[in-house]
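The structure under discussion appears below in the form of structure tokens.
For this chain, numbers begin at 1 and follow the sequence in order. Values below: every heavy atom of this structure, side chains too, minus hydrogens, waters and symmetry copies.
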Amino acid sequence: MDQASAGPVSETVDSMLFRHVVGHLATGVTVLTTACDDQRFGMTASSVTSLSVDPPTMLACINNAVPTAGAVARAGRYVVNVLGEAQGQLAMQFAVPGPDKFKDVRVHTGALGLPVLSDALAHLECDVVEQVDGGTHSVFIGRVRSAVAGQGQPLTYFRGDFGRFEFARDDRVYKKARHRVLSRVYPANEVILLDDLVNELKVDHSAAFYALTRLAADGLVRRDPDRGYVVTQFDVTVSDETFDARLAIELGVIDLSIGHTADAELAELRARFERMASLLVGDRFVDFDDYLDANYAFHEWLVSLAHNPLLTATFGGLSIRSVMTRSFGSTPTTSQKFIDVQRDLTEAFERADRAAARTAARAYCTLAKQRVREILAHTGGRL
Ligand SMILES: Cc1cc2nc3c(=O)[nH]c(=O)nc-3n(C[C@H](O)[C@H](O)[C@H](O)COP(=O)(O)O)c2cc1C
């Protein structure tokens, strides 16, 4: 781990910090089901894992305060229903207490006589062989009596939100395709056909399709109902509008949050800044993709300091990544000034200096817009 992201060593870790840090451990999502006293129980759970292969054993950690914990203890058995990527809504349905959590859910009775979610990606039916005390939670160790897997991709959980799983090899294909768009192998307004991409990159259809959908999410191509995937045009207006919109949000965040930020929040802002700074050395990106991720993470955190979900969602809706990729990502050279001005911004938050933060945010926006103009000047104003 680099020093920038190393947390302070203390006897105990603050629960808010723990929640944030442990959220980086990505998991799958399951619904645990059981039944007792003629009643069905089900709850969303991510603290579920395989314990051993021989004998096949699972474990599930359940909060003693929720009714499902008592029900599993009484029934002495449970089913782990592994959710598929389209079942985020189902996960939410089983994550809140309610009189009928199984409403509109397809269920059948499994080998142990328990309710099994028919559309889940996989099921493991278990007999409880041990219940271990874990403070607020109980660890239910379960011997697997029946295991069935279907087809599809899993739902994932990372940093408090649901997402999709992706194979690293698909990511490599996406990066190659993106490089072709950025280096203008495919010029603006050209159609990229799925079969062409398959042949040019010598990859299978699913990896090529994944690359196209991700390029569309980045804003580098758009899906035209008649023509297919068309390379979008990028110009100074798109850049100015995007950076101005980010500035407007960040100025609002500065007004709302400066002077009201917790020490742990400022420490995280600093850690994200240091990570970003380590990826821009001299006037060059160490690795543009890593810099982009770190830069986005820094600004995303800054916006989250306002504790306003609408502002956070509006920020998430800006095509910041696409604009930066199409402009800054087309050349390894950049300017150390980007780091200087974002350091000013970080320090202004640390000093609770609203005026200095506003100045730094404006300077950063101006710098970004100017840099895009410089890059576009080499390509006739468009990419
Ligand atoms: C993604 C996610 C994962 C969760 N994982 C667990 C878990 O592993 N253990 C647990 O006790 N609660 C977990 N919960 C919370 C329970 O789903 C929630 O308390 C639920 O209401 C319990 O159901 P019940 O009240 O009907 O028993 C999780 C919630 C979500 C959204």
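- A donor-acceptor contact shorter than 3.5 Å links the side chain of Gln93 to the backbone of Lys101.
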**Study point:** CA sep, side-chain torsions, deciding dist, call: Glu265, His260, side chain to side chain donor-acceptor pair (under 3.5 Å)
**Key:** CA-CA 10 Å; Glu265 290 177 324; His260 308 286; over 6 Å; no
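- In this structure, Arg354 and Ile258 approach most closely via the heavy-atom pair NH2-O, 3.3 Å.
- The backbone N or O of Asn189 sits less than 3.5 Å from a side-chain atom of Arg227, completing a donor-acceptor pair.
- Annotation: His179, atom NE2; neighbour count of heavy atoms from other residues, nucleotides and ligands within 6.0 Å does not exceed 12.
- Atom CZ of Arg351 has more than 12 heavy atoms from other residues, nucleotides or ligands within 6.0 Å.
- Ion pairing between Arg343 and Asp340 holds under the 4.0 Å rule for side-chain N and carboxylate O.
- A donor-acceptor contact shorter than 3.5 Å links the side chain of Thr34 to the backbone of Arg77.
- At least one donor-acceptor pair under 3.5 Å links the side chain of Gln87 to the backbone N or O of Gly84.
- Arg326 and Thr232 are linked by a side-chain donor-acceptor pair at a separation below 3.5 angstrom, with hydrogens and angles left out of the test.
- Side-chain contact check for Ser52 and Thr57: at least one donor-acceptor pair (N or O, by modelled atom type) lies under 3.5 Å.
- For the pair Arg246 and Phe243, the cation-pi test (distance below 6.0 Å, angle within 45°) is failed.
- There is no side-chain donor-acceptor pair under 3.5 Å between Thr334 and Asp283.
- Ionic pairing of Arg222 and Asp224 is present here: one or more N-O contacts between side-chain nitrogen and carboxylate oxygen are shorter than 4.0 angstrom.
- A distance-only check finds no donor-acceptor pair linking the side chain of Asp37 to the backbone of Gln39 [under 3.5 Å].
- Atom CZ of Arg358 sits about 7.0 Å away from atom CD1 of Ile254, to the nearest 0.5 Å.
- A centroid separation of less than 6.0 Å is found between the aromatic rings of Phe94 and Phe102.
- Judged purely by atom type and a 3.5 angstrom limit, Ser138 has no side-chain atom pairing as donor or acceptor with the backbone of Phe140.
- Judged by distance alone, with hydrogens and angles left aside, the side-chain atoms of Glu125 form a donor-acceptor pair with the main-chain N or O of Leu112 at under 3.5 Å.
- The line from CG of Asn64 to CD1 of Ile62 is 9.0 Å long, rounded to the nearest 0.5 Å.
- The local environment of CZ in Phe158 is crowded, with over 12 non-hydrogen atoms from other residues, nucleotides or ligands closer than 6.0 Å.
- In Asp263, the CG atom is not crowded: 12 or fewer heavy atoms of neighbouring residues, nucleotides or ligands sit closer than 6.0 Å.
- At a threshold of 4.5 Å between non-hydrogen side-chain atoms, the residues Phe298 and Leu269 count as touching.
- Side-chain contact, Gln342 with Asn295: a donor N or O sits under 3.5 Å from an acceptor N or O.
- Of the N and O atoms on the side chains of Tyr186 and Glu200, at least one donor lies less than 3.5 Å from an acceptor on the other residue.
- The residues Glu85 and Arg164 are annotated as salt-bridged, a charged nitrogen and a carboxylate oxygen being separated by less than 4.0 angstrom.
- Ion pair Glu350/Arg270 flagged as a salt bridge, since at least one NZ, NE, NH1 or NH2 atom sits closer than 4.0 Å to an Asp/Glu carboxylate oxygen.
- The backbone N or O of Val303 lies less than 3.5 Å from no partner atom in the side chain of Asn308, so there is not a single donor-acceptor pair.
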Check your understanding: Stepwise, does the ring pair (Phe, Tyr, Trp, His ring centres under 6.0 Å) test hold for Phe273 with His299?
Key -> CA-CA 9 Å; Phe273 166 74; His299 287 273; over 10 Å; no
Could you list the donor-acceptor pairs under 3.5 angstrom formed by side chains in residues 114-123, with sequence neighbours left out?
| unit_1 | atom_1 | unit_2 | atom_2 | d |
| --- | --- | --- | --- | --- |
| Ser118 | OG | Arg106 | O | 3.4 |
| Ser118 | OG | His108 | N | 3.4 |
| Ser118 | OG | His108 | ND1 | 2.8 |
| Asp119 | OD1 | Arg106 | NE | 3.2 |
| Asp119 | OD1 | Arg106 | NH2 | 2.8 |
| Asp119 | OD2 | Arg106 | NE | 3.2 |
| His123 | NE2 | Leu117 | O | 2.8 |

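- Here the side chain of Glu250 pairs no donor or acceptor atom with the backbone of Ala361 at under 3.5 angstrom.
- Aromatic rings from Phe328 and Tyr291 are positioned such that their centres are separated by 6.0 Å or more.
- Other residues, nucleotides and ligands place no more than 12 heavy atoms under 6.0 Å from the CZ atom of Phe209.
- A salt bridge does not link Arg373 with Asp235: none of the charged nitrogens is closer than 4.0 Å to a carboxylate oxygen.
- Leu194 and Val230 sit in two unconnected hydrophobic clusters of ILVMFWY residues. Membership requires side-chain heavy atoms under 4.5 Å apart, directly or through other members.
- Salt-bridge annotation for Arg214 and Asp170: absent, with no side-chain N of the basic residue lying under 4.0 Å from a carboxylate O of the acidic one.
- Side-chain atoms of Phe315 and Leu311, non-hydrogen and from C-beta on, never get closer than 4.5 Å to each other.
- Here the side chain of Arg275 pairs no donor or acceptor atom with the backbone of Ala294 at under 3.5 angstrom.
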Review point. Val66 and Asn63: side chain to side chain contact (heavy atoms under 4.5 Å, CB included), yes or no, with the steps?
Key: CA-CA 6 Å; Val66 303; Asn63 190 331; 4.2 Å; yes
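- In Lys369, the NZ atom is crowded: over 12 heavy atoms of neighbouring residues, nucleotides or ligands sit closer than 6.0 Å.
- Using a 30° and 60° split on the angle between ring planes, Trp301 and His20 fall in the tilted class, from 30° to 60°.
- Looking only at side-chain heavy atoms (C-beta outward), Val48 and Leu59 stay at 4.5 Å or farther from each other.
- In this structure, Phe162 and Tyr157 have tilted ring planes: the angle between them lies in the 30° to 60° band.
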